[in-house]
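The next block holds one structure in the form of structure tokens; read it before the comments.
Residue indices begin at 1 and follow the sequence shown.
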Amino acid sequence: DTLEETGLPGSADQSAEETEQESQQLQDRSKKLAKKPGLLLAPMEPAPEPPEEKHHTDTQWNASYRKLVEFRKEFGHVRVPLPYPNDKGLGNWVHNQRSFARQGKLRADRKACLD
């Protein structure tokens, strides 16, 4: 298939109006995401060190946290997609941390790293 035959943005099959609508939808979505309480949303600040490992679950959590820090360095945000092809578990981990934080179930030392 050529680009013109795919109907993808920028192809000859797509009108300028459709392209503008998609662009506006992406901007609206970005604005909504920016308003959500997030994890590590200040991309210019260095990420804090993970909490001290006292239990085997700390080792696993810290490993995922470090992956999130690397994701942020690469992409400038922490809105990890579900699924994220480079690390299938990272998007789920971030989703779970946000859920735990909303429910008040995220340990204070972990929340401090993610805020």
From CA spacing to verdict: salt bridge (Lys or Arg N to Asp or Glu O under 4.0 Å), Asp115, Arg110: CA-CA 9 Å; Asp115 281 341; Arg110 292 177 177 182; over 6 Å; no
Rounded distance [0.5 Å steps], OG in Ser64 versus CG in Asp87: 7.5 Å
Which residues pass the ring pair (Phe, Tyr, Trp, His ring centres under 6.0 Å) test with Tyr84, sequence neighbours left out? Phe71
Could you tell me the separation between the NZ atom of Lys111 and the NZ atom of Lys105, rounded to the nearest 0.5 Å? 15.5 Å
Is it true that Lys67 and Glu70 have a side-chain N and a carboxylate O under 4.0 angstrom from each other? no
Working to the nearest 0.5 Å, report the span between CG of Asp109 and CH2 of Trp61. 7.5 Å
Would you call Val94 and Leu82 a side-chain contact if the rule is heavy atoms closer than 4.5 Å? no
Hey, what do you get for CZ (Arg79) to CZ (Arg98), rounding to the nearest 0.5 Å? 8.5 Å
Determine, step by step, whether Glu74 and Val69 satisfy the side-chain contact (heavy atoms from CB on, under 4.5 Å) criterion, reporting the C-alpha distance in whole Å, the side-chain angles of both residues, the deciding distance to 0.1 Å, and the verdict. CA-CA 9 Å; Glu74 183 174 349; Val69 170; over 6 Å; no
Point-to-point distance, once rounded to the nearest 0.5 Å, from OG of Ser99 to CG of Asn92: 11.5 Å
